[in-house]
Protein chains: 2
Amino acid sequence: MVAVPPRMIDVAKRADVALSTVSYALNGTRPVSASTRRRILRAMEELGYRPNALAQGLAGKRTHIIALLFPTPERGLGVTEMEFATGAADAAREHGYHLILSPSELRSVHELEQLTGQGLIDGALVMEVHIDDERVNLLRQAGIPFSMIGRTSDPGAISYADIDFEQTTRDAIEHLVGLGHRSVGFLNHSPSAYSVGYGPTVRAAEGFRRAASAAGLAHLERLCGDSVAAGEAAFHELRATSPDMTALVVMNDRAVVGVMDALDEIGWRVPDHFSIVSIASSTQVTEMMRPKLTTLEPPSTELGRLGVRMLLDQLDTKDGEPLSPTQVLLPCRLVVGGSSGPAPASR
Amino acid sequence: MVAVPPRMIDVAKRADVALSTVSYALNGTRPVSASTRRRILRAMEELGYRPNALAQGLAGKRTHIIALLFPTPERGLGVTEMEFATGAADAAREHGYHLILSPSELRSVHELEQLTGQGLIDGALVMEVHIDDERVNLLRQAGIPFSMIGRTSDPGAISYADIDFEQTTRDAIEHLVGLGHRSVGFLNHSPSAYSVGYGPTVRAAEGFRRAASAAGLAHLERLCGDSVAAGEAAFHELRATSPDMTALVVMNDRAVVGVMDALDEIGWRVPDHFSIVSIASSTQVTEMMRPKLTTLEPPSTELGRLGVRMLLDQLDTKDGEPLSPTQVLLPCRLVVGGSSGPAPASR
DNA sequence: TTGTAGGCGTTATCAC
DNA sequence: GTGATAACGCCTACAA
């Protein structure tokens, strides 16, 4: 019924050479005369031969499969996370690797052990990294090669690609300062994200604090639930605390909507009365809002690609010394929309 | 350095049984006495044994890996697609399968052959299905088990889970008719999506046409590029053609923003002067707009899960007769937002 | 109920 | 340069 796929031995017979010669011809592990190689290639062609990945992996100690570890956060993944994944998948494919999408919950470290113990993957790319991440510890001691999108507090010799939150927050503030704002608030992710040490949340908070101080700015920061209502409430509270605030930096796509609602309620228009700069929001999201949000757009796809490339670099030099890790911080790109404008003269 | 993982033979020795007994105990292919089984389990536990997936696959003819085939459309994937993927990955994990994320471009059928020929996957789940889809043909004749999220014009005996566009468009129209609208337009995806036979585009067009006729409605439909500008232009044209139009059904997250801009320009307010119902848009998107869009939210995660389940059903009964396919159409859920209201009395 | 042996399709280590 | 032939780790008739 279903044709049985040709094996290497079939190719060998047809080309009238030994099985091993075919293998060597295939992955150039040893010199093969041009004519022999030609015959082999022709035989493969005619038979429609495809090497069996499983057998290769079993015998060769390399599966060409890597895993993308992404814990599903409370309320689903966003556009940015999707772009990590597609970037990673793309890069993997380009290098002849397969990418397994592994929804590894933080809680069940067990599942991670399962995955790594199966001998199925050559390495892993860890997403949604926390300041102190169990998965990272596990991979480390399991001796599984891996790299990260994001980073722990002490990345050591692990390769990673992360957003440069220090610079990103600084850019956001400089943009606003350039527009004359002197009192700027910051709306971050949820308290729970902060307390579990979610990297972006923690680093953006630090970055903002530092950048605001450096700019000699009056500022106020606040964690905020990932919902419209929370954003609305947070704005009102911030305003109560700091009535002279004229702009807000927001890293929370849900909450920012609530902020705009709140502004509407009190009759303030954006950007005439108040400015908003979104951080690490995809333009795919900010372009849906009115006014279109000014954002510092993260290089998501690139981060995904980079993460994979770093991992593969490591794998390719697995034999020999452990290759110095690549650690990269990428800046976000300022995309000026209609939500940021000159500070109002007075209030 | 790195501890060598225990093999089945190690477990056998430690439990003082034959290698095969361990194997049978593991996958219950044959009865094993309780005491023996206990000893074996204890030995596995103590050794931290994990069966090698590659070896299992090679010998057993089942890899427990499936592939998710998703061509990356022109301008990236949206939230809905991400939910397909996470739903699928979740379901796969629950059933002990791994999910390979395979960005198979439509153009390079070659890559698909590569993937299937490697003997790596047990089956595939096809996303972004077109009315006439090369990948489907290929999988069919390659004898690879697969199911679809979406469907071709002639699914035959292939299992699929798809959105019920017929019902969805009808629901959209009924919602508007219930509000008194008598002239309703439809803004679809891009012309190119239609011309290549992208399922949702084609089926929603048909569905809308039929539902509008059935409702005795004046209506007008139009394809529209996936951009704000295109949406804006399209609205103006529709209005020129059909000045009495009081509502629009839109299946195009980018364009809908343009429509709202256009309404703003001419001073029409939503929903007082004009109503909008979005189709197959995630609430994650519609909730960012002001007013919040009324939408028919697709059961994306569920579709992903269903697709995987169907595929696995098929795999489990691969031996024996070919199990009748499961073919399911799921409705979207009407989520009323602030973009749809009573038809204006006059204009 | 338990044990034995022959694959599964490659890679890699030997000789020649 | 090229050929045999062990592994790789597990599954599964087949025999006991």
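Numbers restart at 1 for each chain; the letters A, B, ... are given by sequence-line order, proteins then strands. Computation of the quantities below employed the complete heavy-atom set of this structure, encompassing side-chain atoms and omitting hydrogens, waters and symmetry-equivalent molecules.
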Q: Going 5' to 3' along nucleotides 9-14 of chain C, which nucleotides have protein heavy atoms under 4.0 Å from the base (write B), which only from the sugar-phosphate (write S), and which from neither (write -)?
A: BBBBBB

Q: Can we say R309(A) and E302(A) salt-bridge, meaning some charged N sits less than 4.0 Å from an Asp/Glu carboxylate O?
A: yes

Q: Just so I know, are the side chains of L69(B) and F146(B) near enough to count as touching, which here means a heavy-atom distance under 4.5 Å?
A: no

Q: Which side-chain N or O atoms in residues 39-60 of chain A pair as donor and acceptor under 3.5 Å with protein atoms at least two apart or in another chain?
A:
| residue | atom | partner | partner atom | Å |
| --- | --- | --- | --- | --- |
| R39(A) | NE | A15(A) | O | 3.0 |
| R39(A) | NH2 | A15(A) | O | 3.1 |
| R42(A) | NH1 | E46(A) | OE2 | 2.8 |
| E46(A) | OE1 | R14(A) | NH1 | 2.0 |
| R50(A) | NH1 | Q114(B) | OE1 | 3.4 |
| N52(A) | OD1 | L54(A) | N | 2.8 |
| N52(A) | OD1 | A55(A) | N | 2.9 |

Q: Rounded to the nearest 0.5 Å, what separation is found between the CG atom of L311(A) and the CG atom of D122(A)?
A: 8.5 Å

Q: Please set out all donor-acceptor pairs under 3.5 angstrom arising from side-chain atoms of residues 22-33 of chain A, sequence neighbours excluded.
A:
| residue | atom | partner | partner atom | Å |
| --- | --- | --- | --- | --- |
| N27(A) | OD1 | T29(A) | OG1 | 2.8 |
| T29(A) | OG1 | N27(A) | O | 3.2 |
| S33(A) | OG | T36(A) | N | 3.3 |
| S33(A) | OG | T36(A) | OG1 | 2.5 |

Q: Nearest whole angstrom, please: distance from the C1' of dC8(D) to the CD of Q118(A).
A: 17 Å

Q: Write down the distance between NE2 (H64(B)) and C1' (dG9(D)), rounded to a whole number of angstrom.
A: 15 Å

Q: What is the distance from CG of D10(B) to P of dC8(D), rounded to the nearest Å?
A: 11 Å

